[in-house]
Protein chains: 2
Amino acid sequence: MALEKALDVFWEHGYEGASIASLTEAMGISGKSLYAAFGSKEELFLAVLQRYEQGPGAYARKSVLAPTAREVARTYLEGAVRAGTQPGRPAGCLGVRAALAVGVTGQAVQAILTDWRAANHAALRERFQRAIDEGDLPADADPEIIARYLTTVADGVSVQATGGASAKALQRVVDVALLHWPPA
Amino acid sequence: MALEKALDVFWEHGYEGASIASLTEAMGISGKSLYAAFGSKEELFLAVLQRYEQGPGAYARKSVLAPTAREVARTYLEGAVRAGTQPGRPAGCLGVRAALAVGVTGQAVQAILTDWRAANHAALRERFQRAIDEGDLPADADPEIIARYLTTVADGVSVQATGGASAKALQRVVDVALLHWPPA
DNA sequence: AGATTTCGGCATCGATCGATGCCGAAACGA
DNA sequence: TCGTTTCGGCATCGATCGATGCCGAAATCT
């Protein structure tokens, strides 16, 4: 699928670093077809982001469905490792890499990805609040700080993977992060 | 100092996102003076990176001088929080933000920053190896994994700060990360 | 004060950016 | 087989990229 190829380009080079020429070459279509199908570079990126959420990034949505808070945390962090170290695909997380620093033309996409990461955090926080209500986590646990800790580690995993850290090394980091539960 | 202004621009917008026009405007000098003083955009960035290491990023170099491994970890993570949430300055870490995803013109700088982060990791690992030799850490501790855990959390702190997380929230994340020591 | 040097403002270089119009070839239906 | 339609290759748009040369004003030295 052409969208999957575009995903790899955005994932590897970020929003502004991915040129239309590099996108059309990877997708195997012409510039005219690209604009006829997606309208603009930004709309193409939005379509790619949806694709990412349902593919490599699906672990975030699935993790909150785990039966226990402990399993939520484990599936979330291990999903981040797996998605960020797939052989033959770009390293790290699209949402972290693509727009951490941008010029003037990328500010809209940067805001979108910032919201995207914030939504991930909010979903985890709400899941841990439910765990408290169900007695799965202690009543004095703080769902905000637990969720923040997990998203911070996951973001760090993405940066480490981008820098070339191996899946094995990052899995050990995740094991360390999950040694004590609840973490606070 | 003009270098400090250039640092803020690269810090906020990354290497490719920082245009010469935005740099000269922030530095208050002309393009001609910029090239006379630094030679090229890439050489200017290298000078900025050195400045960053001795200013906001100095915590990394200082932390390994702490007397105990525990204090090394604490000063390192708290330094990452403080440097990444300074009011009136760009959020996060220059080394993480500036070149996580780049086009063709930024690959050299991307490699430089990847090496820079790897050097941080190596310095921590060597410090923890020394702690093991001195009996400050258990003989069966793994300096590689402990250092990797800390750099991963610090990288995550940088991403979180870029996304708008507060210093207080990130300090609590660091407290959680340091609750158990050694972490593994 | 006059001569010399230094440096910033401006215009501009070739290249590339995202985006679009033109045009010929291929595919489809009658 | 002919007429119609769709779509990709190509050239090009204005804007901006990093980088440079020109030229006049300000500062320095004798």
Side-chain angles (χ1 to χ4, degrees), chain A residues 1-51 90 94 97-113, chain B residues 1-51 90 94 97-113:
Chain A
M1 177 51 154
L3 257 189
E4 208 76 17
K5 295 294 186 179
L7 167 57
D8 282 9
V9 176
F10 277 125
W11 196 348
E12 175 76 28
H13 298 290
Y15 177 71
E16 287 177 323
S19 67
I20 298 291
S22 66
L23 288 166
T24 56
E25 184 184 6
M27 298 168 79
I29 66 174
S30 68
K32 168 123 186 177
S33 303
L34 191 156
Y35 282 91
F38 299 100
S40 69
K41 183 184 181 182
E42 183 171 331
E43 291 174 279
L44 170 62
F45 182 82
L46 296 182
V48 160
L49 182 57
Q50 279 199 325
R51 185 83 172 189
L94 170 70
R97 289 189 67 174
L100 212 56
V102 294
V104 284
T105 64
Q107 295 184 348
V109 168
Q110 183 180 41
I112 288 169
L113 288 187
Chain B
M1 176 51 154
L3 256 188
E4 207 76 18
K5 296 293 187 180
L7 167 56
D8 282 9
V9 176
F10 277 125
W11 196 347
E12 175 75 28
H13 297 107
Y15 177 71
E16 287 176 324
S19 67
I20 297 293
S22 66
L23 288 166
T24 55
E25 184 183 5
M27 300 169 78
I29 65 174
S30 68
K32 169 122 185 180
S33 302
L34 191 157
Y35 281 91
F38 300 100
S40 70
K41 183 183 180 182
E42 183 172 332
E43 290 174 281
L44 170 62
F45 182 82
L46 296 182
V48 160
L49 182 58
Q50 279 198 325
R51 186 85 172 189
L94 171 71
R97 290 188 67 173
L100 211 56
V102 293
V104 285
T105 63
Q107 295 183 348
V109 169
Q110 183 179 42
I112 287 169
L113 288 187

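All chains are named by letter (A, B, ...) in the order of the sequence lines, taking the proteins before the strands, and each is independently numbered beginning at 1.
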Whether the side chain of B:Ser22 engages the backbone of B:Ala18 through a donor-acceptor N/O pair (distance < 3.5 Å, no angle test) should be reported.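 No, the answer is negative, given that no donor and acceptor are paired below the 3.5 Å cut-off.
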For A:His13, does its backbone N or O pair with a side-chain atom of A:Arg97 as donor and acceptor, under 3.5 Å?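 Not at all, since once roles are kept as given, no pair shorter than 3.5 Å links the two residues.
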So does A:Tyr35 get a side-chain nitrogen or oxygen closer than 4.0 Å to the phosphate oxygens (OP1/OP2) of C:dT20?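 Checking C:dT20 against A:Tyr35, no side-chain N or O comes under 4.0 Å of OP1 or OP2.
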Given C:dC7, is OP1 or OP2 found less than 4.0 Å from the side-chain N or O atoms of B:Lys32?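 For C:dC7, OP1/OP2 do not have a side-chain N/O of B:Lys32 under 4.0 Å.
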Measure from [atom1] on [X] to [atom2] on [N] and round the result to the nearest Å.
X	N	atom1	atom2	result
A:Met27	C:dG18	CE	C1'	15 Å
A:Phe38	D:dC7	CZ	P	13 Å
B:Ile20	C:dA11	CD1	P	19 Å
A:Leu34	C:dC17	CG	C1'	14 Å
B:Leu23	D:dC17	CG	C1'	12 Å
B:Phe45	D:dA19	CZ	C1'	19 Å
A:Glu16	D:dT16	CD	P	14 Å
B:Glu25	C:dG9	CD	P	12 Å

Please classify the nucleic acid contact of B:Ala18 as base, sugar-phosphate, or nothing, using heavy-atom distances under 4.0 Å.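 Sugar-phosphate, backbone atoms only, no base.
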Mind checking whether A:Leu113 and A:Phe45 have side chains closer than 4.5 Å, heavy atoms only?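 Yes - at least one pair of side-chain heavy atoms lies under 4.5 Å apart.
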5′-ward residue of the pair A:Tyr15/B:Gly28 relative to DNA chain C: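 Going by which nucleotide is closer to the 5' end, it is B:Gly28.
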Between D:dA19, C:dG18, C:dG9, which one does the side chain of B:Ser30 approach most closely?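 Selected nucleotide: C:dG9.
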May I ask you to check if B:Lys41 and B:Phe10 form a cation-pi contact, with NZ or CZ under 6.0 angstrom from the six-membered ring centre and within 45° of the axis?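 Pair B:Lys41/B:Phe10 does not count as cation-pi.
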